[in-house]
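Any value given below was found using the heavy atoms of this structure, including those in side chains, with hydrogens, waters and symmetry copies removed. Everything numeric here is computed off the predicted structure, so don't read it as measured data.
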Number of protein chains: 2
Amino acid sequence: MVTLAEVAQHAGVSASTVSYVLSGKRSISATTRQRVEESIRELGYHPNAGARALASSRSNIIALMIPLRTDMYVPVMMEIAIAVATTARTHGYDVLLLTGEEGPDAVRRVTGSGLADAMIVMDVELEDERLPLLRGTDQPSVLIGLPADTGGLTCVDLDFGATGALCVEHLARLGHHDIAVIGEAPAVYERHTGFAERTLDGLRARARELGLGVLHRPYEGGYDAMALTLGRIFDERPGTTGFVVQNEAAVEPLLALLRQQGRAVPEDVSVVAICPDQVAVQASVRLTSVAIPAQEMGRYAVEHLVAKLEGRGSDDVVLIAPELTVRASTGPAPTAP
Amino acid sequence: MVTLAEVAQHAGVSASTVSYVLSGKRSISATTRQRVEESIRELGYHPNAGARALASSRSNIIALMIPLRTDMYVPVMMEIAIAVATTARTHGYDVLLLTGEEGPDAVRRVTGSGLADAMIVMDVELEDERLPLLRGTDQPSVLIGLPADTGGLTCVDLDFGATGALCVEHLARLGHHDIAVIGEAPAVYERHTGFAERTLDGLRARARELGLGVLHRPYEGGYDAMALTLGRIFDERPGTTGFVVQNEAAVEPLLALLRQQGRAVPEDVSVVAICPDQVAVQASVRLTSVAIPAQEMGRYAVEHLVAKLEGRGSDDVVLIAPELTVRASTGPAPTAP
DNA sequence: CAGGGGCGTCGAAGCGCTTCGACAGCTTTT
DNA sequence: AAAAGCTGTCGAAGCGCTTCGACGCCCCTG
């Protein structure tokens with residue numbers, strides 16, 4: 001293993017000079033710099049991460065806590081993780097992958113050991129156990145998602161309230177009057193992850209303003225469950241012509257059953273989905289949808305942390321404005337026969 | 001920040017004693033151990049990762065290189081990543097997330113800097129640029145996937161050859177004679193990732209032995225593309241009654257179009273998928289499938305590395321035997337009318 | 001009862017790097 | 001012409017931990 005000292009010797013300078021060449025924290029003459037860089041290349045030198053971390057009390061690592069469960073939004077999680085990793089690298093940081101399993105202990109461990117300089121927390125619950133710890137440490141962190149109390153925290157998320165509103169607005173503009181919302185599994189609502197409720201609240205509020213009727217049904221299970229759900233929706237509100245789906249697993253069953261019941265999409269009913277673009281594009285009808293801006297959130301989180309670590313930046317909550325992409329699943333409401 | 005020295009002082013022992021309590025590398029009397037542990041708890045001590053890494057030249061970190069592209073097997077990647085992270089934790093390791101983007105440079109950086117003690121590499125290509133580096137370092141590594149030359153490397157993967165064979169066997173036993181394989185996108189075959197070819201080879205060999213006809217079609221695109229593909233398959237081999245699908249994106253289009261053409265699954269045609277269980281279960285027909293043992297591979301990789309780091313274990317290639325789960329998409333071949 | 005051998009503990013020497021103060025040799029200012 | 005200020009470099013002090021050799025103590029053996 002090549003050390004700083006060896007590089008210094010090879011270049012005929014002192015160790016500190018090499019260090020300053022590497023960090024750029026003091027000015028170095030062009031000739032010296034070149035000589036050192038040459039030596040580094042020639043010897044194939046890589047600074048030792050541990051020594052660096054010890055001496056500078058900076059690990060150049062950002063911790064990313066992803067949820068353990070793989071039942072929801074997997075592609076989104078993955079996309080965020082990848083965006084975080086690539087963005088971090090462009091700023092000279094590496095990413096440590098933590099699972100939600102350890103919970104608050106992971107936060108304690110990472111902040112306590114100096115393993116990471118900062119932390120990104122995904123899958124935040126409304127009353128998350130990790131929040132007090134994050135507030136109590138001076139290590140910067142960003143939540144992806146929104147807890148009940150955001151005081152003293154930095155958060156990014158899609159503006160799910162606006163998303164819900166945007167979906168009804170789109171349907172209303174097309175002339176739809178009765179709207180059904182196919183939501184996440186009941187467990188998601190019970191877990192109080194927040195985003196599901198926020199969507200619904202935003203959607204309902206806007207629907208009320210626009211004078212639309214809304215029926216909300218959580219969904220879980222297979223085709224049978226969807227058949228049941230649909231049956232009940234049309235029993236209760238036969239005039240339902242607009243659907244908002246916030247549940248990846250519900251997309252195909254919904255489309256298949258509508259087709260099977262002779263309700264054409266988008267001629268008879270319109271469907272708006274809240275899902276990753278990949279899902280929207282791969283569905284059997286290309287879905288008009290509001291995308292989850294996974295990349296954007298990942299990138300923002302890292303950039304915010306880097307700014308904080310460099311002494312810039314401050315706490316705040318950033319809600320990303322939803323964007324609705326019109327595809328083939330929405331159209332004008334059918335005129336009464 | 002609490003240091004070892006402070007704990008030592010608080011407990012009235014020397015720093016080295018505290019260190020030995022922590023590592024267990026020398027025997028410590030029960031009373032001393034208790035006193036030290038008590039102090040650790042009371043002061044909320046966490047060993048500093050950098051100092052530890054520097055002094056012991058062990059970072060207790062395993063690097064995981066995941067592919068950058070998110071177009072294929074996303075849930076599998078995610079599952080592996082999570083399995084790796086959780087298994088690593090049970091052995092006292094953390095996981096560093098690297099994307100394939102950096103390629104060989106990432107390998108150099110990690111091995112050179114001592115950032116990680118070992119490395120797991122996913123999405124291995126047949127002639128992967130990273131292989132020479134992995135062979136050339138004394139840092140242990142495990143590949144998830146199989147390159148062309150496995151000499152001097154440790155690899156885990158599903159036995160895709162056997163998987164292909166298993167699929168035809170299942171269909172043959174049910175009386176099917178003509179089989180169509182819906183494969184990955186052409187790009188996957190061109191990229192020579194290996195697994196797709198291996199599946200096909202195993203499948204074809206077994207089909208030849210059993211006297212079955214096989215038609216292979218890569219698939220990419222939407223419903224239209226699938227309609228075209230299916231049309232050509234039935235034109236060329238009207239008697240096709242068995243399908244093997246190795247492409248997550250192809251599953252729903254295939255099922256939808258078969259349904260639409262009046263071919264009932266499994267009464268008229270049988271479908272076997274090679275995909276994660278989640279996909280098989282959520283499809284509109286619960287699919288008979290061979291699962292990708294993501295968790296098992298992740299766990300194996302970590303355990304192998306830990307063994308190596310502890311001086312046990314050796315290089316070898318482990319192919320996990322495929323397991324076929326019968327669900328609702330396969331049945332006896334229809335008898336000729 | 002002396003000598004040998006565990007066991008449990010300690011002190012000290014680094015691990016490879018960053019960073020602070022010092023200082024030599026300049027240039028600029030007064 | 002002396003004082004002041006830069007610029008570029010160096011030496012040395014640590015960062016918090018691991019680990020090796022040393023050593024005191026007690027128990028066992030001959």
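Between A:T17 and D:dC10 there is a side-chain N or O to OP1 or OP2 distance below 4.0 Å. Close to D:dT18, at under 4.0 Å from its OP1 or OP2, lies a side-chain N or O of B:R52. Applying the 4.0 Å criterion to OP1 and OP2 of D:dC10, one finds that A:S14 has a side-chain N or O inside that range. Proximity of B:K25 to the phosphate of D:dT19: a side-chain N or O atom is located under 4.0 Å from OP1 or OP2. Between A:S19 and C:dT18 there is a side-chain N or O to OP1 or OP2 distance below 4.0 Å.
For residues 292-315 of chain A, the ring pair (Phe, Tyr, Trp, His ring centres under 6.0 Å) pairs, not counting sequence neighbours, are A:Y300-A:H304.
The residue A:T3 sits close only to the backbone: its heavy atoms come under 4.0 Å of sugar-phosphate atoms, none of a base.
Residues B:L97 and A:I82 are not in side-chain contact: their nearest non-hydrogen atoms beyond the backbone lie 4.5 Å or more apart. Contact of the A:L158 side chain with the A:L319 side chain is not registered, since no non-hydrogen atoms from C-beta on lie closer than 4.5 Å. Side-chain contact between A:R89 and B:E102 is present, with at least one heavy-atom pair separated by less than 4.5 Å. Residues A:I320 and A:V156 are in side-chain contact: their nearest non-hydrogen atoms beyond the backbone lie under 4.5 Å apart. Looking only at side-chain heavy atoms (C-beta outward), B:L4 and B:N48 stay at 4.5 Å or farther from each other.
A heavy atom lying under 4.0 Å from DNA chain C marks the following residues of residues 26-44 of chain B, by number: B:R26, B:S27, B:I28, B:S29, B:T32.
Taking the side chain of B:A51 as heavy atoms from C-beta on, and the options D:dC10, D:dG16, C:dG16, the nearest nucleotide is D:dG16. Distances were taken from every side-chain heavy atom of A:S16 (C-beta onward) to each of D:dC20, D:dG11, C:dT18; the shortest belongs to D:dG11. Minimum atom distance to the side chain of A:A55 is reached by C:dC17, of the listed C:dC17, D:dC17, C:dT19.
Taking atom CG on B:L54 and atom P on C:dA13, their separation rounds to 17 Å, with Å as the unit. Distance CD (B:Q9) to P (D:dG16): 14 Å, rounded to an integer number of Å. Rounding to whole angstrom units, CZ of residue B:R58 and P of D:dT18 are separated by 13 Å. Atom CG of B:L4 and atom C1' of D:dT18 are 9 Å apart (whole Å). In this structure, CG of A:N48 is placed 18 Å from P of C:dG14, rounded to the nearest angstrom. Rounding to whole angstrom units, CG of residue B:N60 and C1' of D:dC17 are separated by 13 Å. To the nearest angstrom, P of C:dC15 lies 12 Å from CE of A:M1.
Looking at which nucleotide of DNA chain C each of A:H46 and B:Y20 is closest to, the 5′-most match is held by B:Y20.
Under a 4.0 Å N-O distance rule, the pair A:R135/A:D149 qualifies as a salt bridge.
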